[in-house]
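Reminder, nothing fancy here: chain letters follow the sequence lines and each chain counts from 1.
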Amino acid sequence: MASEKHLLLIDGNSVAFRAFFALHSQINTFINHSGLHTNAIYAFNTMLDVVLKKFAPTHILVAFDAGKTTFRTKKYDNYKGQRAKTPSELSEQLPFLHDLLKAYGICSYELVNYEADDIIGTLAKRAVDKGFKKVDIVTGDRDLTQLATDQVTVNVTVKGVNHLEAYTPEHIAEKYQLTPRQIIDMKGLAGDTSDNYPGVTKVGEKTAIKLLKKYHSVEGIYEHLAQMKPSKMKENLQNDKQQAFLSKDLATIKQDAPVTVELEDLAYHGQDIAALRRFYQEMDFNSFLSKLADPEADKKREKVKFQKLVQADIPAVLAGFTGPVTFYLEMLASNYHVAPFAGFVIGQKGQWYVSTDVKLLQQPAFTAFFADEKQEKLVFDAKRTYVGLNRLGIKLAGIRFDLLLVSYLLNPNDSGNDLGKIAHLHQYQDVATDEEIYGKGAKRALPEDVQVLYQHLAQKAQAIEQLQAPLDKRLEENEQDGLFKEMELPLAIVLAQMEIAGIRVDKKQLNQLRKQFAQRLETVKQKIYAEAEEEFNINSSKQLGKILFEKMNLPVIKKTKTGYSTAVGVLEQLRPIAPIASDVLDYRGLAKLQSTYIDGLLKVIHPEDQKIHTTYLQTLTATGRLSSIDPNLQNIPVRDEDGRQIRRAFVPRQADWQIFAADYSQIELRVLAHISHDHNLQQAFINGEDIHASTARRIFGLDQNAEVDPNMRRQAKAVNFGIVYGISDYGLSQNLGISRKQAKNYIDSYFQEYPNVKKYMNDIVAMAKKYGYVETLFHRRRYLPDIHSKNFNRRSFAERTAMNTPIQGSAADIIKVAMLNMQRQLKERNLQATMLLQVHDELIFEAPTKELPLLQKLVPQVMDAAVKLEVPMKVGYGSGPTWYDVKES
DNA sequence: GACTTCACG
DNA sequence: ACGTACGTGAAGTCG
């Protein structure tokens, strides 16, 4: 006998139920980034850890109930009839328990027609028969205690899921003075309220135990019933005889269910760490994640050899390189435009040279090396590397591979930007994460021992080099090599150049606005205090809610998770009945401008060049768009006049220059017209119609040339937006403030008028289901695992995403192509004009006034020619002395 | 650090 | 019956 086998059987449903209520008080804090409740999954995971440690089983299975109907409901159709429906917050978690178990390497099992209890009863018996030394059962339910024997212990959760009460035959004898099998008789007599079967009238646990001590079993009781003294109880027993036997039968756990798994298949071989890590990331279980990150992990990582680079060796080292060279430049602080340099690593084929002295890079041999575009480089984050080297006066060319960009293209959902984490994602373990080496938050700093830094840098370089071939191969398999080589990689350089160029901001203008806003802010503040008859913090939605809805008793229109909503929509509805609502809106508007835009922008103006240098995130969004941070220059106010004034501060870098901007008109709807091949939608664009008016005519059944009143156009515009977002009647009704039914009518008529748009929507969802992802025109991918979710919300969200991503993503692709071509044109033509900003469908430039006539032709032409669609593109443009003055002409 | 609000396409 | 419009970033409050 090689080993003593020990089987652990877990009652999945009942433990999940206990787990759910164990953390029920914290249900609102256990929500992951996808909006899934995770409290039951979390507690279930804790339980697993506890029992694995406690029992150290050799074999495990978790049994689940298969469905509502079982052989018991056939015998007694009220079985479990009174049971409350499982809360949706719990049922949405159940599918993920299976994922968790799979990652744990634990078999889960359910059997049609049987309950988890019966699976457990059957396997417990089989295991004992097959010579297992021990069986432990974990459940939240005392029913299973009937299975206890010398070999089988039933562990019932008490208070939460981490404390177990072990029911052995001895323990049961002590507690009930019964044998385990008599538990069944007890249930037969006393019934079970939770399973909703009756037992005998007026007989509860106590009476049942008394009777069983005397007569041993239900059968025994009825054999001796005649001899019992007349009593109310005797009468009840007589009347309820059938019920008693039925209840006993229902309470009996099957030990011969047709379970199809073999005991050998339940052997436990441990967790799948990579799968578990993915799962914890998905659930946002950071504590489990960090426990998983084995504290010894870094020690287990293969050490990489490195040499400290000294100046004298540079020419020889560079001369010795053949083929691609890996280079990595370390900067710790978040903003790489100003972050101090921490060090660098360079090398190839496992030969790494490190240094903390970035001045070495300015040696002529190095600068020539970096500028040589024939000398291929492998990097992590080309844009950051380009900007960093630029700060050292070094030109960078010849990048051939960017680990960050490639990883993003392979799966834009993995939007992290830590080299170590990304490497681990691709099964490369021999590199630490930055958090492991530098720490996080306020504690983030260079390691005391410089050797630790060197090792980390060398490991990073090795990771880049090792991952290049396999990830390049995956790009090709996905037909994404073109997307990488011809779009994203060259774009990284263009973006770097735009960030470096920066945009000039006029401090005086901002300060002037600040004064003006401050005055108005003070006035409206006092007015609000007067109306509220007290002073309070208007910025606090909580305090504001109290004033509006408790003190002033205004009607509550909407609630948020935590209290009253005071959002714009709500205040607008209150406006007619309460002037304070209007004033709060004014206050909010001004406060936002003041803090986010005036103060916010003043803080980030570079003291030397008076410019703002944003950072574009090229590897963040799930759709392929860029984002802009520190500061965000993609959300500078434009819609309201007050906010629009901010744009007066954005000026050209030289007098006698102008700001020039060009934008795509309706690019997303044009993309939709292209990919759906919808004739009517295409025709509207080909005829150069006002697209929203055209849609209005169609969905409201007007004549071709009929006048469209502004309200109809507004509604049609909302429908068009809805279509692009992956429409739902509810969403549209909310947006337009109409009934859901009315919204549905609009959508139905839209689809009738644009049948191929409807077909596209159906087809793209079907594609997502079939392949698990959707694609843009340029093969950008987005995986949608939730498309198969049983959870309505998650699935619906995935379906809307499937409809929207190819549209938004293709539009993002198109402007990226335009940017590349634009930058080439500016260079080839030796123009001074500079591309400064991208705001999703528009490009902003600064240029000498004398170049404007050329730009007015060139920019629209380049943007227009970026891609050939089945419908024409339309590009608008304008210019002026400040960004504010740029209005389309 | 979660939550709410609001700026943009 | 379920309860959402798609994609972002920043500032403020509050526990």
| request: Can you tell me which stems DNA chain C forms, taking runs of 3 or more consecutive Watson-Crick or G-U pairs with both distances under 3.5 Å? | output: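 Looking at DNA chain C, the stems formed by three or more consecutive pairs are B:1-9 with C:6-14.
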| Any residue meeting side-chain contact (heavy atoms from CB on, under 4.5 Å) with A:T619, in chain and number order, not counting sequence neighbours |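 With neighbours one apart ignored, the set is A:L404, A:L405, A:Y408.
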| message | Check the orientation of A:Y564 and A:F549. Use parallel for under 30°, tilted for 30 to 60°, and perpendicular for over 60°. | response |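 Because their plane-to-plane angle lies in the 30° to 60° range, the rings of A:Y564 and A:F549 count as tilted.
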Which part of the nucleic acid does [X] contact within heavy-atom distance under 4.0 Å: base, sugar-phosphate only, or nothing?
| X | answer |
| --- | --- |
| A:N791 | nothing |
| A:A802 | nothing |
| A:V839 | sugar-phosphate |
| A:N793 | sugar-phosphate |
| A:Q543 | sugar-phosphate |
| A:R740 | base |
| A:F797 | sugar-phosphate |
| A:G726 | nothing |

| field | Distance under 6.0 Å and angle within 45° of ring axis: A:K887 vs A:Y884 | value |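 Here A:K887 passes the 6.0 Å and 45° test against A:Y884.
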| Axial cation check for A:Y730 ring with A:R740, 6.0 Å and 45° limits |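 Judged by the rule, A:R740 and A:Y730 form no cation-pi pair.
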| said: Between A:D381 and A:R384, does the salt bridge (Lys or Arg N to Asp or Glu O under 4.0 Å) criterion hold? Intermediate values first, please. | reply: CA-CA 6 Å; A:D381 197 344; A:R384 162 188 280 262; 3.6 Å; yes
| Hey, can you pull the residues of residues 804-813 of chain A with a non-hydrogen atom under 4.0 angstrom from DNA chain C? |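 Contacts with DNA chain C under 4.0 Å: A:N804, A:Q808.
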| Can any side-chain N or O of A:H606 pair as donor or acceptor with the backbone N or O of A:K611 at less than 3.5 Å? |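 Absent.
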| said: Would the distance check show the side chain of A:K525 and the main-chain N or O of A:Y587 forming a donor-acceptor pair, the cut-off being under 3.5 Å? | reply: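 Absent.
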| Separation of the P atoms in B:dT5 and C:dT4, to the nearest angstrom |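 After rounding to an integer number of Å, I get 15 Å for this pair.
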| Using atom P of each nucleotide, how far apart are B:dC3 and C:dA5 to the nearest Å? |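 Pairwise P distance, B:dC3 against C:dA5, rounds to 16 Å.
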| task | Go through DNA chain C in 5' to 3' direction and return only the first and the last nucleotide with some atom under 4.0 Å of chain A's heavy atoms. | result |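 Range of nucleotides within reach of chain A: C:dC2 to C:dG15.
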| field | DNA chain C: 5'-proximal contact among A:T596 and A:S88 (nearest heavy atom) | value |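 With A:T596 and A:S88 compared, the 5'-side residue is A:S88.
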| Pairwise 5' ranking along DNA chain C for A:T801 and A:S796, keeping only the more 5' one |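 Closer to the 5' end of DNA chain C: A:S796.
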| query | Starting at CG of A:D663 and ending at P of B:dC8, how long is that distance when rounded to a whole Å? | reply |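 After rounding, the reported distance stands at 15 Å.
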| field | N-O pairing of A:D729 and A:K744 below 4.0 Å | value |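 Result for this pair is no, no salt bridge flagged.
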| Electrostatic pair A:R780:A:D813 at N-O distance under 4.0 angstrom |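 Salt bridge: yes.
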| message | I'd like to check the side chain to side chain donor-acceptor pair (under 3.5 Å) partners of A:Q715; sequence neighbours left out, ordered by chain and number. | response |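 Partners of A:Q715 under the side chain to side chain donor-acceptor pair (under 3.5 Å) test: A:Y746.
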| request: State, without any angle test, whether A:R648 and A:T882 hold a side-chain donor-acceptor pair at a distance under 3.5 Å. | output: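 The answer is no; no qualifying pair exists.
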| field | Side-chain H-bond candidate by donor/acceptor type, A:E842 with A:Q838, under 3.5 Å | value |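 A:Q838 and A:E842 do not have a side-chain donor-acceptor pair below 3.5 Å.
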| said: Nearest 0.5 Å, please: how far is CD in A:E534 from NZ in A:K546? | reply: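 A:K546 atom NZ to A:E534 atom CD measures 10.0 Å (nearest 0.5 Å).
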| Can you give one letter per nucleotide of nucleotides 1-7 of chain B, 5' to 3': B if a protein heavy atom sits under 4.0 Å from the base, S if only from the sugar-phosphate, - if neither? | --SSSBB
| task | For A:K790 and A:E92, run salt bridge (Lys or Arg N to Asp or Glu O under 4.0 Å): C-alpha distance rounded to whole Å, both residues' side-chain angles, the deciding distance at 0.1 Å, then the answer. | result | CA-CA 8 Å; A:K790 285 186 189 164; A:E92 72 183 30; over 6 Å; no
